[in-house]
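Data block below; observations after.
Note that the structure is predicted; figures quoted are calculated from it, not measured. FYI, the numbering just counts along the sequence from 1. Below, each value reflects all heavy atoms present in this structure, side chains not excepted, and no hydrogens, waters or symmetry copies.
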Amino acid sequence: GLGGIGSSALLMASHTSGLEKIIAVDVNDEKLKLAGELGANYTINAREEDVVKKIYGITSGEGVDYAIEASGVREAMEQAYNSANKNHGKVILSGNLGGGRCIEIDPYHLLFGKTLTGTGEHNTNPDADFPVYRNLYINNKIPFDKLVSRKYGLEQINEALENLSRGEVFRSLIDFS
């Protein structure tokens with residue numbers, strides 16, 4: 001998914017990783033359009049296409065080396081796992097499915113090197129990470145400002161939250177001045 005986490009991961013991957021093929025998946029065509037501007041080489045609308053089949057087609061049957069799932073949707077988590085290379089693919093789940101809910105995977109390929117892990121805000125160190133992000137931005141390595149799709153005044157905060165929950169914006173910036 002191309003919310004705040006997914007679009008940030010896309011931006012970082014496209015500007016710092018050296019990866020040749022970057023694939024963005026979402027159900028919102030506007031977000032997929034912006035994903036192309038942020039550096040995705042390929043976009044897939046999960047409502048219209050078989051995500052795993054399309055990814056295997058793009059990767060000549062190999063699957064992706066890295067799959068980052070950020071929507072918190074069960075089907076998307078399973079698609080991320082199934083689209084990763086069977087022998088060395090790394091699957092990172094960042095979306096929150098919710099306590100007690102499960103995903104279904106075939107663990108067989110974990111025996112051969114495929115990995116599945118989770119991450120969240122508890123995996124960051126703001127004192128160390130924020131200066132790195134700041135330097136990347138200041139040195140024009142990553143255009144973080146492209147993630148802000150709309151600015152709101154403080155009196156528009158409810159509208160900003162509603163637009164965010166409807167998926168109408170990537171990220172909003174609230175001006176407190």
Side-chain angles (χ1 to χ4, degrees), residues 1-19 22-49 51 64 66-80 90-103 116-177:
L2 293 167
I5 295 169
S7 57
S8 295
L10 167 62
L11 196 61
M12 294 290 284
S14 66
H15 286 79
T16 64
S17 70
L19 296 171
I22 298 176
I23 305 166
V25 180
D26 202 281
V27 297
N28 182 312
D29 286 328
E30 288 300 313
K31 289 184 176 185
L32 290 168
K33 180 181 174 189
L34 186 55
E37 296 172 21
L38 294 176
N41 308 95
Y42 304 89
T43 60
I44 303 170
N45 186 319
R47 285 195 179 135
E48 298 173 2
E49 299 186 75
V51 172
V64 295
Y66 303 94
I68 300 170
E69 194 293 313
S71 71
V73 174
R74 178 179 190 245
E75 293 80 11
M77 292 177 170
E78 292 168 353
Q79 289 167 344
K90 306 215 178 312
V91 183
I92 300 108
L93 303 181
S94 183
N96 183 6
L97 183 59
R101 297 184 58 212
C102 299
I103 63 171
L116 173 64
T117 190
T119 189
E121 64 272 1
H122 60 279
N123 294 110
T124 63
N125 179 350
D127 291 337
D129 296 340
F130 287 7
V132 171
Y133 302 144
R134 182 198 64 227
N135 289 337
L136 288 169
Y137 180 74
I138 289 172
N139 294 314
N140 296 315
K141 301 287 184 193
I142 297 183
F144 287 116
D145 51 335
K146 285 188 175 186
L147 295 176
V148 178
S149 53
R150 185 162 172 201
K151 296 179 182 179
Y152 298 88
L154 183 57
E155 69 283 356
Q156 298 172 297
I157 194 165
N158 290 334
E159 178 185 353
L161 291 170
E162 289 170 9
N163 290 343
L164 181 63
S165 69
R166 286 193 299 264
E168 295 175 1
V169 292
F170 259 128
R171 280 292 167 247
S172 303
L173 181 67
I174 307 298
D175 183 351
F176 284 86
S177 61

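- Nearest heavy-atom pair, A76 versus S71, reported as atom, atom and distance to 0.1 Å: CB-OG, 3.4 Å.
- Checked by atom type and distance alone, the side chain of D175 pairs as donor or acceptor with a backbone atom of S177 at under 3.5 Å.
- By the 6.0 Å contact criterion, CZ on R47 is open, its count of non-hydrogen atoms from other residues, nucleotides or ligands being 12 or less.
- Taking the side chain as every heavy atom from C-beta outward, L2 and L34 never approach each other to under 4.5 Å.
- Counting only heavy atoms from C-beta outward, the side chains of L38 and L147 approach each other to under 4.5 Å.
- Not counting sequence neighbours, the partners of R74 by the salt bridge (Lys or Arg N to Asp or Glu O under 4.0 Å) test are E78.
- In terms of modelled atom types and a separation under 3.5 Å, the side chain of N96 and the main chain of G72 share no donor-acceptor contact.
- Under the 3.5 Å distance criterion, the side-chain polar atoms of E159 are left unmatched by any main-chain donor or acceptor of Q156.
- Between K141 and Y133 there is no side-chain heavy-atom pair separated by less than 4.5 Å.
- Side chains of L11 and F144 form a contact here, defined as non-hydrogen atoms less than 4.5 Å apart.
- I44 and V51 make their closest contact through CG2-CG2, 4.1 Å (heavy atoms, listed as atom of the first residue, atom of the second, distance).
- Taking a 6.0 Å sphere around OH of Y66, one finds it holds 12 or fewer heavy atoms contributed by other residues, nucleotides or ligands.
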